[in-house]
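Each ligand, and each atom within it, is numbered from 1 in the order the structure gives. Below, each value reflects all heavy atoms present in this structure, side chains not excepted, and no hydrogens, waters or symmetry copies. Index from 1, following the sequence. Everything quoted here is computed from the prediction, not taken from an experiment.
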Amino acid sequence: MFLSGTMEVNNEGMLKIGGVTAEELRDKYGTPLLVFDEKLILKKIKLYKKAVSSYPGPSQIIYASKAFLCQGLAALINQTGLALDIVSGGELYRARKGGFPPDKMFFHGNNKLPEELKEAIQAGVAVFVIDNAQEARLLAELARGFKKQLFCQLRVTPGIAARTHDYIKTGQKTSKFGVGIETGQAEELALWIENEEFLNLQGIHSHIGSQIYDSRPFRELIWTLLQFLLDLRRHHGLILKDVNLGGGIGSPQTAQDSRVDIISLVAEVAEELASTCRREGYPYPRLLLEPGRSIVGEAGTTLYTVGSIKEVNNSKNYLAVDGGMSDNIRPALYDAVYEGFLANRCREKPEIRAAVVGKCCESGDVLIEETELPRPRPGDILAVPATGAYSYSMASNYNGITRSAVVIVKAGKAEPLIARETRKDLIRLDRIPSRFQQL
Ligand code: LLP
């Protein structure tokens, strides 16, 4: 049983998160319900802050809001002093509505729309992470129009591929993100930006992929990025201030998964950057990291209600829950592995093996390939831990399923972060052309 953060099992065999029982959560908010453990989110943030404190230069941790964002979380992240990575006008809007100051936001994305860039410039977003030459031209033109100096980082592709699922690799040469160092495009674009009156090139950015469990790929990344920075200095006398290593630090999803020691991994990365700079006589750049999953992943647990239970061919058991790929597409999309247990019967012995499936009309709607459980009964509560990242943020209304509610728990109290979507919400944007209407 994967119990992290404040998760515990009481004498009745009932799961508690943040001091609130799964039953109370189910009764008050319904299921599927995504429950965030506030203490665990804050603990992860603390670990990151502590880890970079060993770096001799300046540093900034940026929360990657694509992992999970709502106004309440934006407000909480703001209280911790972290900056925010946004990738769209929608994330900008949501975070601002949550009171997050734009001057602590980093705007990412490989196709930022002109309107989105304008909105971000007007709002006073801190840093624009430029993905490609066309975007640089567009941003320069807009900056001239607004007569505003914009701070930028250039996203480069270092030619390093993290050993992870193909869909979540981003550092390889052929990635859709960033400009290549090897091809000379990164150098050319850096110089172009540097010469633009209203663009102020602060540094470089790279994100090599997700679920990285050791410091080796980051150290490789540092060597490549430093080489690039040294070349810019040698050939053009250009010294940049920011080295943004992106996110991607792994986060366990099951009890068997390896745990990342954030402090030692980040400290190793910081030391690699510091020692390489010392060796080369390069001024310590500001070190930036953009964790998403490793901040909210483990802190989120999804609670479902068990519905149909069936045995097929005397061999395979299926247990169906009231959500599925509509609230967590990750098993179907990336073969992500989670574990589940009956939150109301935690102390009972496992009796059967079952696949946990959702209620979508899709054979691939399997949340857990196989898990061992006490014989389940309809109405039991199934908990799937470590589902805080990229679940709600990738949720859909497939099959007309309304989106889950999200709550945050702390010290025996649960409070809503996102209300459950209603049927009215579901059809809010539907329009019926008058000629289709019955007279
Ligand atoms: N910075 C940049 C520029 C990124 O593209 C990402 C993730 C992050 C930071 C945060 O990475 P993290 O620390 O969360 O691994 N939907 C996929 C993950 C896509 C990640 C996209 N970029 C999934 O569910 O695994």
Quick one: does [X] get an N or O within less than 3.5 Å of an N or O on ligand 1?
X      : result
Gly246 : no
Ser294 : no
Glu290 : yes
His108 : no

Side-chain donor/acceptor pairs under 3.5 Å, residues 93-101, sequence neighbours excluded:
from: Arg94; atom 1: NH1; to: Leu69; atom 2: O; distance (Å): 3.4

Do Asn344 and Asp380 pair up side chain to side chain, a donor and an acceptor below 3.5 Å, judged on atom types alone? yes
Centres of the His108 and His205 rings: under 6.0 Å? yes
Residue Tyr318 excluded, over 12 heavy atoms near OH under 6.0 Å: no
State the atoms of ligand 1, each with its element, that fall below the 4.0 Å cut-off from a heavy-atom position in [X].
X      : answer
Asp85  : 1 (N), 2 (C), 9 (C)
Arg330 : 23 (C), 24 (O), 25 (O)
Gly292 : 12 (P), 13 (O), 14 (O)
His205 : 3 (C)
Met394 : 16 (N), 24 (O)
Arg155 : 3 (C)

What is the ring orientation for Phe68 with Phe36, classed by angle as parallel under 30°, tilted 30 to 60°, or perpendicular over 60°? tilted
So side-chain hydrogen bond (donor to acceptor under 3.5 Å, both in side chains) across residues 221-232, not counting sequence neighbours, yields Trp223-Glu272, Asp231-Arg234
Heavy-atom closest pair (Phe2 atom, Glu339 atom, distance to 0.1 Å) is N-OE2, 2.7 Å
